[in-house]
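Heads up, the thing below is written out as structure tokens.
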Amino acid sequence: MDTLKKFELMEKIVRELEDFQNSGQALIQKIAKIEVDNIELGDKRLETDLPEIHQRVADNTDTIQGILSYFAEKTANFGSKNNVDALKAQQAIDNATGH
């Protein structure tokens, strides 16, 4: 895999991890809303199960954040080390001139 394609794939993974993290945060918000609504309702199963689900989703979201931070930094370092901006500029020139 050439350097530019590898960098683009790494950027794609960073975007997917960001989306994954946002989805986790949305799940936490939905669970919290159900927990609040259940305060009025008082369903025992929801009282028992939702806090555990909330904690597991929060733990997973924290793990995703750690992976995202690590991989975003790795991607940025790879881009800098391999002068990806220059490679992109060269590719644009090659595409424009038909090379």
Out of curiosity, Thr75 OG1 to Arg15 CZ, how far, rounded to the nearest 0.5 Å? 10.0 Å
Pairwise distance CG(Leu9) to CG(Leu4) - rounded to 0.5 angstrom: 11.5 Å
For the residue pair Gln55 / Asp59, report whether a side-chain donor-acceptor contact shorter than 3.5 Å exists. yes
Passes side chain to side chain contact (heavy atoms under 4.5 Å, CB included), Lys33 versus Asp37? Steps please. CA-CA 6 Å; Lys33 179 160 181 6; Asp37 290 343; 3.1 Å; yes
For Val84, is there any backbone N or O sitting under 3.5 Å from a side-chain donor or acceptor partner on Asn82? no
Under 4.5 Å between any side-chain heavy atoms of Thr3 and Phe78, yes or no? yes
So does Asp43 get a backbone contact from the side chain of Asn38, meaning a donor-acceptor N/O pair under 3.5 Å? yes
Single-linkage hydrophobic cluster Ile34~Ile39, side-chain heavy atoms < 4.5 angstrom: no
Spacing of His54 atom NE2 and Lys30 atom NZ [to the nearest 0.5 Å]: 14.0 Å
No-hydrogen, no-angle side-chain donor-acceptor test under 3.5 Å, Gln90 and Asp94: yes
Going only through I, L, V, M, F, W and Y residues with side-chain contacts under 4.5 Å, is there a path from Phe20 to Leu68? no
For residues Leu50 and Ile28: do they belong to one hydrophobic cluster (side chain heavy atoms under 4.5 Å, members Ile, Leu, Val, Met, Phe, Trp, Tyr)? yes
Which distance, rounded to the nearest 0.5 Å, do you find between the CD of Glu52 and the CD1 of Ile31? 11.0 Å
Do you know the tightest heavy-atom contact between Phe71 and Leu17? CB-CD1, 4.1 Å
Please test Glu8 against Lys12 for salt bridge (charged side-chain N to carboxylate O under 4.0 Å, His left out), starting from the C-alpha separation and ending with a verdict. CA-CA 6 Å; Glu8 289 169 351; Lys12 179 183 176 204; over 6 Å; no
Donor-acceptor check, side chain of Asn22 to backbone of Glu18, threshold 3.5 angstrom: yes or no? yes
Nearest heavy-atom approach of Pro51 to Leu46 is CD-O, 3.8 Å
Taking atom CD of Glu73 as the centre, report whether more than 12 heavy atoms of other residues, nucleotides or ligands fall under 6.0 Å from it. no
Give a yes or no on whether Tyr70 and Phe7 share a hydrophobic cluster (residues Ile, Leu, Val, Met, Phe, Trp, Tyr; joining criterion: side-chain heavy atoms under 4.5 Å apart). yes
Taking atom CG of Asn95 and atom NZ of Lys88, what is their separation to the nearest 0.5 Å? 13.0 Å
Do you reckon Val14 sits in the same ILVMFWY cluster as Leu87, going by side-chain contacts under 4.5 Å, direct or chained? yes
Mind listing the closest non-hydrogen atom pair of Lys6 and Met1 along with its distance? CA-SD, 3.3 Å
Could you verify whether a donor N or O on one side chain and an acceptor N or O on the other, from Gln65 and Thr61, lie under 3.5 Å apart? no
Can you tell me how far the CD1 atom of Ile64 sits from the OG atom of Ser23, to the nearest 0.5 Å? 8.5 Å
